[in-house]
Amino acid sequence: MEIITQLCKLDLFSLFTGFFLILSAIITGCTIIGRFSEMIGRPVKWVREKDNDLKRLTEMFVEKQIDDMRYEILNFASSLSEGREFNKEQFDHILQIHQKYEEILKKHDMTNGQVVMSMEVINEIYKEKLKHGFQSQKGAFP
């Protein structure tokens, strides 16, 4: 019972303030150590882990971009092969997507042969459409 009485006499505001100050000091110290280790080029473990996580997240984003672009190109080529008609703007969009796709692959030293045949089909039909004209068709993009 005496312990409970002593706990009631404690100033909780001072206790929380002290806890907050100690926690703030620890966080500040860790931040200073992390920044200093980056400056000297010898990062500590938790800084390296953050860098690796960021690198892994960037790689996942690039892979997702590539997959999305590849799917859009392949789907467009497949629709063309099935006889679906597209207007010039839709062809121009796919040609721009292909250009971005190639730039991303080049930037990341990657190669991909899946799109080559599809782009040959798209370019062949596009050239024919340029010679003979595009049908003005309103419709959703694939």
Side-chain angles (χ1 to χ4, degrees), residues 3-142:
I3 295 174
I4 294 174
T5 311
Q6 288 177 352
L7 283 175
C8 290
K9 292 180 182 178
L10 286 176
D11 183 15
L12 293 179
F13 180 74
S14 297
L15 185 66
F16 285 125
T17 304
F19 178 73
F20 178 74
L21 288 174
I22 291 171
L23 190 60
S24 296
I26 292 171
I27 291 171
T28 303
C30 290
T31 303
I32 290 171
I33 291 170
R35 300 280 176 167
F36 181 72
S37 68
E38 286 178 12
M39 287 174 40
I40 64 172
R42 306 254 330 181
V44 290
K45 185 177 180 179
W46 76 80
V47 174
R48 273 185 272 147
E49 287 175 359
K50 277 199 295 187
D51 288 345
N52 288 338
D53 289 344
L54 182 61
K55 193 179 291 184
R56 200 172 19 230
L57 186 61
T58 302
E59 289 171 359
M60 288 171 55
F61 177 74
V62 168
E63 288 174 8
K64 173 77 169 112
Q65 255 187 323
I66 289 170
D67 288 343
D68 289 349
M69 290 177 179
R70 182 184 308 127
Y71 175 80
E72 191 170 358
I73 293 167
L74 296 175
N75 188 44
F76 189 87
S78 178
S79 296
L80 274 175
S81 298
E82 293 170 355
R84 183 161 174 204
E85 293 291 328
F86 294 99
N87 61 33
K88 185 172 183 331
E89 290 79 19
Q90 291 169 315
F91 273 94
D92 290 341
H93 173 75
I94 286 297
L95 295 174
Q96 289 173 352
I97 293 294
H98 181 253
Q99 183 179 358
K100 289 177 187 176
Y101 174 80
E102 290 294 330
E103 288 171 2
I104 289 174
L105 290 179
K106 184 177 180 182
K107 181 179 178 181
H108 296 281
D109 295 323
M110 300 169 80
T111 58
N112 188 308
Q114 289 183 327
V115 171
V116 174
M117 298 273 300
S118 294
M119 283 310 299
E120 288 175 6
V121 169
I122 292 170
N123 284 324
E124 184 179 309
I125 295 174
Y126 183 67
K127 288 176 188 174
E128 287 296 315
K129 296 281 186 184
L130 286 175
K131 289 179 189 175
H132 304 312
F134 288 85
Q135 291 181 342
S136 63
Q137 173 185 353
K138 293 182 180 178
F141 190 74

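Counting begins at 1 with the first residue of the sequence.
- No side-chain heavy atom of Phe86 sits less than 4.5 Å from a side-chain heavy atom of Ile125.
- Defined by atom type and a distance below 3.5 Å, a donor-acceptor pair is present between the side-chain atoms of His132 and Glu128.
- Side-chain contact between Thr111 and Leu105 is absent, with no heavy atoms from C-beta onward closer than 4.5 Å.
- With contacts defined as side-chain heavy-atom distances shorter than 4.5 Å, the pair Leu95/Met119 qualifies.
- If you take CD on Glu124 and CG on Leu80, they are separated by 10.5 Å, rounding to the nearest 0.5 Å.
- Interatomic distance, Met69 CE to Ile97 CD1, rounded to the nearest 0.5 Å: 5.5 Å.
- The stretch residues 92-110 participates, sequence neighbours left out, in these salt bridge (Lys or Arg N to Asp or Glu O under 4.0 Å) pairs: Lys88-Asp92.
- Lys55 has its side chain out of reach of Thr58: every pair of non-hydrogen atoms, C-beta onward, lies at least 4.5 Å apart.
- Although no hydrogens or angles enter the test, the distance criterion places no donor-acceptor pair under 3.5 Å between the side chain of Ser78 and the main chain of Leu74.
- For the residue pair Glu59/His108, the side-chain donor-acceptor check at 3.5 Å is not satisfied.
- Distance check: Glu63 CD to Met60 CE gives 8.0 Å after rounding to the nearest 0.5 Å.
- By the 4.0 Å N-to-carboxylate-O rule, Lys64 lies too far from Asp67 to be salt-bridged with it.
- Listed here is the closest heavy atom pair of Ile122 and Phe76: CD1-CD2, 3.7 Å.
- Here the closest heavy-atom approach between residue Ile73 and residue His98 is recorded as CD1-CA, 3.7 Å.
- Separating the CD atom in Glu85 from the OG atom in Ser79 is a distance of 11.5 Å, to the nearest 0.5 Å.
- Annotation: the span from Tyr101 atom OH to Met110 atom CE amounts to 8.0 Å, rounded to 0.5 Å.
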